[in-house]
Amino acid sequence: MNAEAQTPIGDAWEPNILAFCCNWCSYAGADLAGVSRFQYPPTVKILRVMCSSRVEPAFILKALKDGADGVLVAGCHIGDCHYIDGNKNAEIRINNTKKALGKLGFDKRLRLEWISASEGLRFSEVIRDFTEEIKKLGQNPVKEVKK
Amino acid sequence: MSDIKGTDNKSAVPKDDEEKRVGVFVCECGVNIGGVVNTKAVAEYIGTLPGVKVTSVNKFTCSDSGQADIQSKIKEHKLNRVVVAACSPKTHEPTFRACIEEMGLNQYFLEFVNIRDHCSWIHMWEKEKATEKAKDLIRMGVERAKLLEPLQASEVPVTDKALVIGAGVAGMQSALDLADMGFHVYLVEKEPSIGGRMARFDKVFPTNDCSICILGPKMVEVARNKNIHIMSYSEVKAVDGYVGNFNVKIEHKPRYIDVAKCTGCAKCSEVCPVEVPYDFNEGLGTRKAIYVPFPQAVPLRALIDMDNCISCKACSKACESKAINYDMEPSYTDVNVGVIIGAVGFKTYDPEPRHDFGYGLYDNIITAMEFERLLNAAGPTGGHVVRPSDCKEPIRVGFVNCVGSRDKNTNIYCSGVCCMYTIKNAQLLKEKRPETDHTIMYIDIRTPFRGYEESYNRSRNLGVKFLRGRPVEVTEDPVTKNIKVRVEDTLTGEMRNLEFDLMVLATGIVPNEGIGQIQQLLKLSKAADGLLMEAHPKLKPVDTTIDGVFLAGCASGPKDIPYAVSQGSACAGRATIMLKNKKAITEGITAVVNPDVCVGCQVCLSMCPFQAIRMDEQGVKANVVKALCKGCGTCVAACPTGALEQSHFKNKQILAQVKNVFKFEEVAA
């Protein structure tokens, strides 16, 4: 098996997105999307962390290096953070990571979103939207290099 | 800190070099998962992963037989890590943690993978892709499970006092129940009197008993109860701490009256020359700048509305008990409580900004709350319903239901109470003045609870007319000021032109002012409609996702009085479990410092929102105070040397998942 066979390029190609979701808002928002049966493409896999501020740039870089086509970091809305202002730290960290990724042309593959526990619909919309955006960007070029 | 101890001493701590023996339990959740994901194929694939000793597929893993299967396989295969692939850990993690703990495994050796809410339910028509995704998700979980380390949950002592925010009927019920069980309750109310919205209603459906006559004694009971400390005209300003130990700062707004001296005689009001619209009467009639909120107010004490006071000092001369103090400042009280009940109530939808159905444009259109005050014998007209344009008693009265409810332009939800209160209002006026003629324009009539349908039938028998349709055009006769309505009777398809002397809008329930502030202070979730979210809509209707915080009444959605009272009692019951046990269990997930790696740069100290990190005595290494640490991991991500780790979410555990998200990794490696 090779990478190409698994992720064929063309119409059928679907991106692979890793989503870091905070336990309190975004993970619960994804749960609500499920309970409400809001369908979205099977492009995303959710990794639960307690707070969006736990996400280190190293995790994002590792995911992109391993071939993730996109990385989403999702937390509570500003002001709603379970840990007072963890999401503000996440915002600074993710924006800095984005800047660094910009130099490599990878910045659009990283996204930060605030999704509350009640925003199941929004969760599904974010995934749809991000999936479309990544589709436009195409496959993570790292895969080509690795081949 | 010394009274915080581990609860689970029975599980042995395995050595790191112990062989990891993983069991994976795939749940079909009936057809919820099994109908989409090919669970057999998933189990077969997962069985090939290194370290996985056994896989099992169950119809319902959470059932007795499902849990028994886990327990027997732990024994049979000497499993030391368990992966459950099922629904959401938010609801079911505690179940399976207890299940494996019974077998002597540390509860943190469970990894929960969500293949329902995050897979089968949202990829219902992409069965193959959903199956592939489930494989990926579980593979991530297996790799993480192998790296899980034992942790001890902590027990924290619980202060046996409660805070109830909001002294409407729901909050009062919580306070009374808790007080009667022997716990001290701080009851905080932002208005100058307790009682809430119910104190303003005239009569309450379906039995049409006088609202203040049944509420008044309850208010007095609250005031008399030695265990209840009422803090009226006060607001919660800061909340700190965690379950069992909340530190709350309460602001007491200045009344400019010494409540210890004031007798509530209202002689001050008699001499006050300033008249302003009376808020208690929905702005109908007037009150003075110094006033007692309403005749049954608790506490029955005056206050000065400083925005309108002209400082003539007439009241000061009239006050025999010398209770007036114009220089009063806000004061503050800090309280320590174990639990918090949020009963922050609602307000009614305001049709003024959008001029719904002509409200605010034409004099003779009023809201149901205004109608309620007009009906009330203690109201501005002494119980005579009159129309605002000429103060004449109306004959033809129209009611429009669902104003600010069931409308995508305002609120999509049904407020639940408007059908009933409109039916009641029409009944009351019809009984008072049988010559009146009433037409209720509705979308659907909803009368779901005991006595409601009977009340509806009673209205029909009294001659109240029901017309299924919403006004499409509302105009005013410039001479008579009558309201002219064009409305389609959707049952007959006929367009009707009606004329009313007075029209009443059944405005719905919307989130109360200040609900956003309470939400942020208590760290609760707010739904898209602005109302607060409960922990589970069916099974935990008064709990929240924050341990020790409960919700009663309309804060979490429209409710009628019996429902709000039941929730008040329910909150008291839920809270008592913690207060009586005197302890609460908190997560064992915290930050941990590796002193060998820490260089004492103190970056983490500035990151921690809870001031849980201190320097050690020598001031060279960071130290985490476990009782204060809430385990967010902010400091861990900030640590430049990697000396900080978040237990249960260690770098290696997260990276194991990251590495296994994509099969690409296998290819590349």
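Throughout, a chain's letter reflects where its sequence line sits, starting with A, and its residues are numbered from 1. A quick note: this is a predicted structure, and the numbers were derived from the prediction, not measured.
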Between A:F123 and A:Y40, is the ring centroid distance below 6.0 Å?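 Yes, close enough.
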At a heavy-atom separation under 4.5 Å, does [X] approach chain B through its side chain, its backbone, both, or neither?
| X | answer |
| --- | --- |
| A:A68 | both |
| A:C22 | neither |
| A:R122 | neither |
| A:V71 | neither |
| A:F20 | side chain |
| A:F38 | backbone |
| A:E119 | neither |
| A:I60 | neither |
| A:P41 | backbone |

Side chain, backbone, both or neither: which part of [X] has an atom under 4.5 Å from a heavy atom of chain A?
| X | result |
| --- | --- |
| B:Q520 | both |
| B:S525 | side chain |
| B:M533 | side chain |
| B:D529 | neither |
| B:A527 | both |
| B:L655 | side chain |

Salt-bridge contact [X]-[Y] (side-chain N to carboxylate O under 4.0 Å):
| X | Y | result |
| --- | --- | --- |
| A:E14 | B:K129 | yes |
| B:E534 | B:K526 | no |
| A:D31 | B:R116 | no |
| A:D107 | A:K98 | no |
| B:K650 | B:E645 | no |
| A:E113 | A:R111 | yes |

How are the rings of B:H648 and B:Y108 set relative to one another: parallel (under 30°), tilted (30 to 60°) or perpendicular (over 60°)?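 Rings of B:H648 and B:Y108: perpendicular, over 60°.
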In terms of heavy-atom pairs under 4.5 Å with chain B, which of [options] leads?
| options | result |
| --- | --- |
| A:E56, A:Q39, A:M50 | A:Q39 |
| A:G86, A:G79, A:S116 | A:G79 |
| A:S118, A:A117, A:C81, A:P57 | A:S118 |

Which residue out of [options] racks up the most heavy-atom pairs below 4.5 Å with chain A?
| options | value |
| --- | --- |
| B:A528, B:P89, B:G141 | B:P89 |
| B:S120, B:C119, B:C608, B:G633 | B:G633 |
| B:A638, B:A130, B:C87 | B:A638 |
| B:I654, B:I589, B:N32, B:T545 | B:I654 |

Below 4.5 Å, heavy atoms only, C-beta onward: do B:I122 and B:K133 meet side chain to side chain?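 When only atoms from C-beta onward are counted, B:K133 and B:I122 do touch, with a gap below 4.5 Å.
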Compare all side-chain heavy atoms of A:I46 with those of B:N114 and state whether any distance is below 4.5 angstrom.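 A side-chain contact is absent here, since even the closest heavy-atom pair is not under 4.5 Å.
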Let me know which of B:K626, B:K630, B:R97 forms a salt bridge (Lys or Arg N to Asp or Glu O under 4.0 Å) with B:E587.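 Among B:K626, B:K630, B:R97, the one meeting salt bridge (Lys or Arg N to Asp or Glu O under 4.0 Å) with B:E587 is B:R97.
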Donor-acceptor contact below 3.5 Å, side chain B:K90 vs main chain A:N23: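 Yes, because the side chain of B:K90 sits within donor-acceptor range (under 3.5 Å) of the backbone of A:N23.
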From B:L137 atom CG to B:Q657 atom CD, the distance as rounded to the nearest 0.5 Å: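 One finds 10.0 Å between CG of B:L137 and CD of B:Q657.
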